[in-house]
Structure formats: structure tokens, C-alpha cells
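Here the structure is laid out as C-alpha cells; the discussion comes afterwards.
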Amino acid sequence: MTKRKIEIMDTTLRDGEQTSGVSFPSAEKLTIAKLLLEELNVDRIEVASARVSKGEFNAVKAITDWANKNGYIDRVEMLTFVDGGSSIDWMNNAGAKVQNLLTKGSLNHLTHQLKKTPEQHFSEIREVVDLAQKSGIKTNVYLEDWSNGMHNSPEYVFQFLDFLVTLPLERILLPDTLGVLTHYQTFDYFSQITAKYPDTHFDFHAHNDYDLSVANVMEAIKAGAKGLHLTVNGMGERAGNAPMASVVAVINDFFKEEVEIQVKETSLYSVSKLIETFSGVRIPSNKPVVGDNVFTQTAGIHADGDNKNNLYFNDLMPERFGRKRKYALGKTSGKANIEKNLQELGLQLNDEDLKKVTQRIIELGDQKELVTKEDLPYIISDVLDSNLYQEKVTIESYVLTHSKGLKPSTTVALTIDDEYFQEHAQGDGQYDAFMNAIKKIYVNKGMSLPKLVDYAVRIPPGSTSDALCETIITWETKDKRFITRGLDSDQTVSAIKATQKMLNI
Ligand SMILES: CC(C)C(=O)C(=O)O
């Protein structure tokens, strides 16, 4: 069976830019346009609304100059208005060749916003389409508020379509402007139209107000849509448009027998990340296909199942989208997740050490600390290090104070062979005060402490401020130099943990 080709029109640069607070400068618009056409390989892009601003004009000019030189000019579209030809003049100056003319798709909009009759509206549209044709500009027509038009004034919609199919148009674009359609209605309304005008190319433009955009796109495909309007990360007016990555995955997985699209799946993630950076709109971590967490197995039972015939995989394999599966570390991760991460780092542990490391990760997860793959070598060295010390000296409790204008001070309580000691001291910093209190206890007992000769702090690469922190302290006695390490999300506490190890050497 030959597959039906569906065009993907990306409107990130027009409807996507209508996300509240988003404005792409000209250079970013050009970068995005190139990426969408050259890298993601969408069929068409809508890049701006005509007559908006000087900046927008410059951005469009830069895109059309590039598109002209590289054979993409017929794939770059502009939103235009029924304005007697002003949008056409603007497009001619900007070098654009395809207009998406905004007209009224519901009687309600026509009578209350434009205050015109259908006949007046149609004649003004004919005038603009003629002017465009004379300038060598191709026309697609948007029926704004089409979904409400089908709800409330279907006779008007069909009268309008009867007129439009007589014009020299490339496509008719049917938007669910306010995102009010259910998937049942999308199928019903779209089918009525494709049945009546089987030779016309209809695009569907979904909005996501009820989180139904992807479901509605699926129904429009079933009802014969020949084009779909999408945005990267689902950006757009209010709740946004139908998200590119989800729709592409849905088409490739659920319509693969009958439908064909040319978008490159492996580029979806990198394009999505770039738009996240340029727009400043964070991708929710659970957003299908592109969210940070969607390919992370958290429960140990899932990692275990992945080892046994991929029991917890579905068709959404991360590699399809240029991503990798991850195995989270935390209180529910278990041995299998840890082993997966160790494998990736090229590390091996015996059963006993693996048990201890697992236990430590569970403890950290219980304290709500974020444990990453990068933390793992630090945790391992901390846990294995602890095997070397006997618990002769225990730091039972401490209070550290740090305030503006007062010297940091500490009260420390510790037991040495079950004998209890408590001291208070000040210092130049919290850790210095802590060490001074320990020194007082040791001096009173007639014992000496090694000299601290170096103090280094490091965090695992790529960590954020709530990550683990390792303090490595070098100590010196009369006859040896040695190192102890402490690991904690709090820097001073990690130094105290390293010190407790020194006290037990
Ligand atoms: C401006 C129009 C075409 C639109 O985005 C919509 O109706 O959703």
C-alpha cells in the first residue's frame, strides 16, 4: 500500500513566539529557521506575522535571503491579513513568497470583530488573493475560529469553503483557535469537510487548552488532513500548540502503515533543547520524548526487568531521539540500577561492597538528596574508605554558628572509647572553630592531633548546588602523611566527616 504523505508545518517562529514573554531576536530566528528546515527536515515553516515591527521585518528578510539562496523559499510562510494589500507590500519588500492569509472561520468572529457580511469578507479576500498572485506570492487561507464556526455556524463555514475552493489557493488551514474541540468532534468536523472537498489540501492547526492537541491531531489524520501545524515543545498562545516531538512519535508508531512524514526523529531532542535555551521556557521534566526524566528508570524492578529481555521497554527507545536511557539512583533504585550505572562508568564491585554502596545510596535518597551517576565514584570511595576505620572516636553532636559581626563558634560533644567530652571554641570559620573545640578535648586529655596540611573541596562534574560535595583533608604526624575524605551535601559536614575518620586512624 502506498503511504499518504503528510506535510509538517512548524509554526514555532510565529504561533510559538506568541508564548507569553517570548521574543526571538533576528539572529535566533534565522538559526531556528535553518535548523527546522535543514536539520529537522520539516516541510514548511511559518516565521512571522506581516507588518508587526521593524525587527520582525529584518528577521524575515534574513530568513528569505538565506532561503532564496538555498532553495527553501517556497517552504517559508508568513501570516498575513485581509488589509487591502498592505501585507502583500510588506511581503514583497521582505522577499517572502507564501502567505497564510488570516480570514474569519466563524460567523461570530466575522460579525462581531470585523462587523462585515460574508459577501463583503469574501470580496476583500478575493482582492488580496489576486494581488498576491500578481506578485508571484502563493496563498494558503486560515479560517480563524473554524472549530467554533463548525459548532455554531456550519452553514457559514460551508458557504465560505464553497467560495474558497474557487480561488487559486495552495491549501486551506483549519485552526481550532481556542482549543475547544474534543477528539470526536475533530474527526466529525474534519471528515465532513474532506468528504465534501476531496481534492483540496486541508491542514489542521490544533491548540492544547484541554491537553487534547495530540489526540485531536490523530483524529484529523484519520479524517484526511494533509498537513499538520506543530511547534517545538508545544510552545504557543495560552496552553500552546500541538508539540512536534510527541506528534512525530505518534505518527511514526501508530500510523506507520498508512502515513509518511519526513521529519528526522534523531534531531527532535537537540532542536527542542535549543528552543528551550533561546525561548527561556523550560521543558517540563516529564514532557514526552524531550523531558529530562522520560527515559530514566527509577524503580530498581524496572532496571532488573531491562536486564531480562527488556521487560520494561516500549517502542519509545531513547536512541530514536538522540537520547540515552538512564537509571536513577535513590531510595527505590536497588542493586540493578546501581549495577547499570557502574557498567556505564566501567566500574566493578564485589557483592559485599555493592551491598554497602546500595545501602548508602538508599540512606542518601531517604534524606532527599539527589544522587547522580557522577556522584557514584565519590560514594564508592567514601563507603570503601570507611572499611579502613574503627569507630573508637565518635562525634556525637555539634552546634556550628555563623553570623555577621561575630566570630564563628562551635560546641562539640564526642566520645572516646565511650568516655564523653564536650567543649566550646571559636575560630576563623566554622570548621576552624570545630577543630579548635576538638583540640581542646585532646589537649585536656594529654593527646595530640595530626597537623592539617591541605584541605580540598570538590563536587562531581555537572553538579548543581544541592549535589554532594567531597572534602579531602591531608594530615601530617611526626612520621606520616595521610588523607581522609568526607562526603555530604553540606560542605562543612563533609569536612567534619573527613575529620572523624582522621580521629579513628
Ligand atoms: C492566528 C491564527 C491562525 C491562529 O494561530 C489560530 O487560529 O490558532
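Every number for a ligand or one of its atoms is a count from 1 in the order of the listing. None of these values were measured; they are calculated from a predicted model. Residue indices begin at 1 and follow the sequence shown.
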- Tell me, which protein residue and heavy-atom name are nearest atom 7 (O) of ligand 1, and how many Å apart are they? T177 OG1, 2.6 Å

- For atom 1 (C) of ligand 1, closest protein heavy-atom neighbour: R14 NH1, 3.5 Å

- Residues, nucleotides or ligands: over 12 heavy atoms within 6.0 Å of K138 NZ: no

- Item | Nearest non-hydrogen protein atom, atom 2 (C) of ligand 1 | L102 CD1, 3.7 Å

- Are any of the N or O atoms of D176 closer than 3.5 Å to those of ligand 1? no

- Query: Can you name the closest pair of heavy atoms from V22 and V281 and give their distance?
  - Reply: CG2-CG2, 3.6 Å

- Query: What residue and heavy atom of the protein are closest to atom 8 (O) of ligand 1, and at what distance?
  - Reply: H207 NE2, 2.9 Å

- Item | Cationic tip of R325 above F313 ring, under 6.0 Å, 45° of axis | yes

- Item | Shortest non-hydrogen contact between D176 and S147, atoms and distance | OD1-OG, 2.7 Å

- Query: Testing L173, N100, T231 for side-chain contact (heavy atoms from CB on, under 4.5 Å) with E46, which one passes?
  - Reply: N100

- Cation-pi, Y269 ring and R323 (6.0 angstrom, 45 degrees): yes

- Would you mind listing which atoms of ligand 1 come within a distance below 4.0 Å of any non-hydrogen atom of Y142? 3 (C)

- Item | ligand 1 atoms in contact with D15 (distance to a heavy atom under 4.0 Å) | 5 (O)

- Query: Hey, is L173 touching ligand 1 through its side chain, its backbone, both or neither, going by heavy atoms under 4.0 Å?
  - Reply: neither

- Determine, considering heavy atoms only, which of R238, E144, H205 sits nearest to atom 4 (C) of ligand 1. H205

- Among side-chain atoms of N337 and Q297, is any donor-acceptor pair under 3.5 angstrom? no

